[in-house]
Amino acid sequence: MAYVDGFIVPVPLERLPDYTRMARKAGRIWREHGALAFFESVADDVKPGKWTSFPQSVKLKPGETVMFSYIVFRNRAHRDKVNARVMQDPRLGDMMQPQCMPFDAKRMIYGGFKGLVDL
C-alpha cells in the first residue's frame, strides 16, 4: 500500500507565483528520483473552524492562503530512498534555504503517512 508525505503550508498571496514555480521544479525533481506522484493544491473551500481547521493549523495571517500538498511513494522504504536522493540533488540547493522559501517554513506542518484504505 502507498506511503504519503503530506504538507500544509501558509503562503502569502503575493508569493503564490513564486511558490508555484518552486513546486513545479521540486515536483519534477521528486518524480525524477522515483516519487509516484506529486500534488500541490491551493485552498478553495477552507474556512476557519470553531475548534480547529487548516487555517488555524498554520496560524494563517491576512493576505495568505493554505497549500495542501502530498507526495506518493510505494512504501516508507521507497520514500526514504527517494527523499535521500532528492536532498542530495544540487538543483534544490537555493530552494532549501529558509530565506529563499516563498512561505514561512516555521508554520509548515508535515509528516509521513502509511496507507490505510486504497480503493
Side-chain angles (χ1 to χ4, degrees):
M1 184 158 309
Y3 193 88
V4 176
D5 275 349
F7 309 86
I8 303 170
V9 181
V11 176
L13 291 170
E14 75 254 1
R15 300 294 310 270
L16 196 53
D18 299 327
Y19 184 89
T20 303
R21 278 189 295 279
M22 179 196 75
R24 283 189 177 126
K25 182 177 181 178
R28 284 191 298 270
I29 292 168
W30 252 272
R31 293 295 308 270
E32 283 177 25
H33 287 293
L36 302 179
F38 185 98
F39 293 93
E40 292 279 352
S41 309
V42 64
D44 179 52
D45 184 19
V46 178
K47 297 169 185 62
K50 185 172 182 179
W51 306 108
T52 188
S53 66
F54 282 103
Q56 288 164 291
S57 69
V58 295
K59 299 180 180 167
L60 196 68
K61 297 176 182 176
E64 292 181 333
T65 190
V66 179
M67 302 301 295
F68 174 73
S69 312
Y70 59 99
I71 307 169
V72 181
F73 305 93
R74 287 192 301 269
N75 51 46
R76 184 170 178 180
H78 178 237
R79 182 271 286 222
D80 292 346
K81 186 176 176 182
V82 169
N83 282 352
R85 288 193 305 251
V86 167
M87 292 304 137
Q88 296 301 316
D89 194 307
R91 294 174 291 174
L92 287 180
D94 290 343
M95 287 193 306
M96 300 303 276
Q97 302 303 317
Q99 68 273 15
C100 297
M101 293 182 181
F103 61 91
D104 182 355
K106 293 176 190 162
R107 292 186 287 144
M108 176 172 66
I109 298 171
Y110 60 93
F113 298 83
K114 298 188 286 188
L116 180 63
V117 175
D118 186 358
L119 302 174

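Quick caveat: nothing in here was measured; it's all calculated off a predicted structure. These numbers come from the heavy atoms of this one structure, side chains and all, not from hydrogens, waters or symmetry mates.
To the nearest 0.5 Å, atoms CD (Glu32) and CZ (Phe38) are separated by 12.0 Å. Rounded to the nearest 0.5 Å, atoms CG (Asp104) and NZ (Lys59) are 10.0 Å apart. Atom CG of Leu16 is separated from atom OG1 of Thr65 by 7.0 Å, given to the nearest 0.5 angstrom. To the nearest 0.5 angstrom, Ile71 atom CD1 is 12.0 Å from His33 atom NE2. Going from atom CZ of Arg28 over to atom CG of Asp89 covers 12.0 Å, rounded to the nearest 0.5 Å. Considering CE of Met108 and CZ of Phe7, their distance stands at 6.5 Å, rounded to 0.5 Å.
Around the CZ atom of Arg24, the shell of radius 6.0 Å holds no more than 12 heavy atoms that belong to other residues, nucleotides or ligands.
Taking every heavy atom of both residues into account, Ser53 and Pro48 meet most closely at OG-CA, 3.5 Å. Heavy-atom minimum distance, Ser41 versus Ser69: N-OG, 4.5 Å. Here the closest non-hydrogen pair linking Pro12 and Pro102 is CD-O, 3.5 Å. The two residues Asp118 and Met1 make their nearest non-hydrogen contact at CB-CE, 4.0 Å.
Pairs engaging residues 9-20 under the side-chain hydrogen bond (donor to acceptor under 3.5 Å, both in side chains) rule: Arg15-Asp18, Asp18-Arg21, Tyr19-Glu40 [sequence neighbours left out].
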| Hey, mind stepping through Val86 and Gln88 against side-chain contact (heavy atoms from CB on, under 4.5 Å) and telling me if it holds? | CA-CA 5 Å; Val86 167; Gln88 296 301 316; over 6 Å; no
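Taking 4.5 Å as the limit, some side-chain heavy atom of Val82 sits within range of a side-chain heavy atom of Trp30.
In this structure, Arg76 contributes its side chain and Tyr3 its backbone to no donor-acceptor pair below 3.5 Å. Looking only at distances, no side-chain donor or acceptor of Lys61 sits under 3.5 Å from a matching main-chain atom of Pro10.
Phe113 and Met67 fall into different hydrophobic clusters, where Ile, Leu, Val, Met, Phe, Trp and Tyr are joined by side-chain heavy atoms under 4.5 Å apart, directly or via other members.
Side-chain contacts under 4.5 Å among hydrophobic residues (ILVMFWY), followed directly or transitively, place Ile109 together with Val4, Ile8, Leu36, Phe39, Val46, Phe54, Val58, Leu60, Val66, Phe68, Tyr70, Val72.
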